[in-house]
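Since the structure comes first, as structure tokens, the remarks are kept for the end.
Any value given below was found using the heavy atoms of this structure, including those in side chains, with hydrogens, waters and symmetry copies removed. Not measured: the values here are computed from a predicted model. Below, chains carry the letters A, B, ... as their sequence lines are ordered, and counting in each starts from 1.
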Amino acid sequence: MLCQKCKKKQATVHMTDIAGKDKKEVHLCENCAQNQGLTLKGQVSLADFLAGLIKAPVNQEMSRLAKLECPECGINYIEFQSKGRFGCPKDYDVFEKLVDPLIEKIHGANEHVGKAPEAHGDGAEAHLVALKRHLKAAIEEERYEEAARIRDDIKKAEDKTSGTE
Amino acid sequence: MELSDFSTTVGEWLKGEGPDSDIVVSSRIRLARNLADHRFHNRAAPAELEAIESEIGSFLRENDGRFAKLYYRMADLDEIERHILVERHLISREHAAAESPRAVAASDDERLSIMINEEDHLRLQVLRSGMRLAEAWGEIDELDNRLSRAFKFAFHAKWGYLTACPTNVGTGIRVSVMLHLPALVLTREIEKVFRAMSKINLAVRGLYGEGTQAYGDLYQISNQTSLGKQEEKIIDNIESVVPGVIAYERKARKHILATNHLQTEDRLHRALGMLKTARLLTSEETMHLLSAVRLAAAMQVIPEIPSSTINEIFLLTQPAHLQKVTGRALAPEERDIERASYVRKRLSTYV
């Protein structure tokens with residue numbers, strides 16, 4: 001939902017304005033809400049508090065880091081500060097020194113102890129998916145002999161998966 | 001199933017079943033996941049997002065029978081249809097509003113759903129009726145494992161699953177339980193619940209999550225942080241807190257019935273009377289009155305109305321559903337007329 005006032009930014013402050021019998025839904029972006037002097041307490045999500053939480057880097061090295069651009073997505077830390085969103089997974093490494101204290105502040109911890117992805121690409125299921133993609137391509141490109149072979153492989157792989165699951 | 005079926009059915013989470021379903025409406029777990037070799041949603045070009053949508057979408061439809069039928073690209077849906085999905089808790093308001101390539105897949109019973117290209121590439125959700133977090137975790141863990149074998153997720157040795165917003169990094173998990181707490185609202189004890197929850201780092205939110213109001217005395221309790229604890233620990237934490245809130249609400253219900261028996265009965269019967277006779281009903285008033293009827297049914301004051309019926313009315317009278325039921329776009333005032341008429345019909349058999 002866009003901000004009702006500036007109609008440019010995403011509305012993140014949602015409130016019901018009650019004056020006597022009249023009730024009015026108000027949806028504003030953070031800037032417009034602040035300009036209107038609306039109290040933000042309890043109306044803003046944790047994620048939207050981020051911008052305020054991310055302090056400007058203090059020392060010289062930190063400000064150098066903040067100007068670094070991620071080679072993958074082109075974002076720098078200043079941009080991240082204003083949006084509260086990273087541009088790609090690589091940003092976590094590019095801005096590691098700045099991200100580490102931020103994560104600590106948000107979560108009260110800075111090490112993941114939960115689950116990890118299952119080995120990608122090793123599983124029979126991934127193999128099956130790859131085979132089906134090859135089959136589709138083979139049929140589309142009219143390589144019928146190959147397609148027949150792949151179909152046999154798929155059948156074998158399917159028998160295997162249904163046997164193990 | 002076609003979108004048109006959504007005007008007559010409700011998802012499994014609104015069946016009013018499961019442990020403690022007199023107070024716990026639903027249990028929800030979501031996991032945020034991103035593909036390792038792509039930019040996050042906010043930085044990816046439309047073509048990249050389209051490729052992600054198509055790759056994940058075809059995998060789901062071709063390899064997981066559960067998602068064969070319900071798969072919608074947002075671009076193919078009009079505004080009412082998108083909002084139907086929001087009201088059914090299958091997508092977020094943000095997912096409905098944005099114009100970039102995005103989609104949603106859901107199982108027939110709507111227990112499992114996957115938003116593609118929301119803030120993160122994948123938002124997996126399991127939604128169950130009643131207090132069933134452990135079961136819900138089993139289901140979503142399995143779905144996550146399945147997907148992780150087919151796609152390479154962005155995962156960091158130290159920080160776990162990487163997300164666009166660092167508030168979701170680590171497990172990417174949000175666990176929430178939706179509770180109906182009318183007696184705590186009536187007795188003005190609800191503030192104490194808020195304070196207690198925030199002290200132990202849990203959030204209390206309204207019906208549609210972040211930034212929404214608690215219509216119909218419905219509150220969601222959920223975790224605030226997603227890193228530093230195992231998924232099971234985060235779930236345990238919520239599971240250990242909710243029984244206390246349930247007991248508190250039950251105590252408050254007993255109290256109002258014991259101390260103000262006639263007044264309470266009167267109030268609840270009047271709510272049913274209003275719903276059965278009103279000619280104009282706003283969505284907010286409907287939720288407010290239904291909350292009283294739900295309480296009346298749970299306290300055996302009006303025991304004959306099943307909670308599944310209350311939930312059905314609750315869902316099908318929300319703006320987008322109502323317009324789907326009626327079969328045309330309605331101005332707000334027309335909606336209030338149609339809503340009142342629908343509710344009268346549905347409740348006419350109850351005394």
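When each of B/Asn34, B/Asn145, B/Leu35, B/Asp37 is checked for heavy-atom pairs under 4.5 Å with chain A, B/Asn145 comes out on top. When A/Cys73, A/Cys70, A/Pro89, A/Gly108 are compared by the number of non-hydrogen pairs under 4.5 Å with chain B, A/Pro89 comes out ahead. Taking chain A as the reference chain and counting heavy-atom pairs below 4.5 Å, the highest number among B/Ile173, B/Asn201, B/Asp144 is found for B/Asp144.
Heavy atoms closer than 4.5 Å to chain B are found in both the backbone and the side chain of A/Glu111. Neither the backbone nor the side chain of A/Asp91 comes within contact range of chain B, judged by heavy atoms closer than 4.5 Å. In this structure, chain A has a heavy atom under 4.5 Å from the backbone of B/Ala36, while its side chain stays farther away. With a 4.5 Å cut-off on non-hydrogen atoms, B/Ser58 does not touch chain A at all. Proximity to chain A is limited to the backbone of B/Lys229, based on heavy atoms less than 4.5 angstrom apart. Neither the backbone nor the side chain of B/His41 comes within contact range of chain A; no heavy atoms are under 4.5 Å apart.
Counting non-hydrogen atoms of other residues, nucleotides and ligands closer than 6.0 Å to CD of B/Glu79 gives a total of 12 or fewer. More than 12 heavy atoms of other residues, nucleotides or ligands sit less than 6.0 Å from atom NZ of B/Lys158. Within 6.0 Å of the NE2 atom in B/His288, the count of heavy atoms belonging to other residues, nucleotides or ligands does not exceed 12.
The shortest side-chain heavy-atom distance between A/Pro117 and B/Tyr161 falls under the 4.5 Å cut-off. Between A/His112 and B/Phe155, some side-chain heavy-atom pair lies under the 4.5 Å cut-off. When side chains are defined from C-beta on, B/Trp159 counts as touching A/Val99, because their heavy atoms get closer than 4.5 Å.
A distance of 6.5 Å separates OG1 in B/Thr167 from CZ in A/Arg85, rounded to the nearest 0.5 Å. Taking OG1 of B/Thr225 as the start and CD1 of A/Ile106 as the end, the distance is 10.5 Å to the nearest 0.5 Å.
Here the side chain of B/Asn42 pairs no donor or acceptor atom with the backbone of A/Gly87 at under 3.5 angstrom.
The pair B/Glu231-A/Lys115 does not count as a salt bridge, with every side-chain nitrogen at least 4.0 angstrom from each carboxylate oxygen. Salt bridge present: B/Arg43 and A/Glu79 bring a charged side-chain N and a carboxylate O closer than 4.0 Å.
Closest of all the heavy-atom pairs between B/Gln230 and A/Val113 is CG-O, 3.3 Å. When all heavy atoms of A/Tyr92 and B/Thr163 are compared, the pair lying nearest together is OH-O, 2.6 Å.
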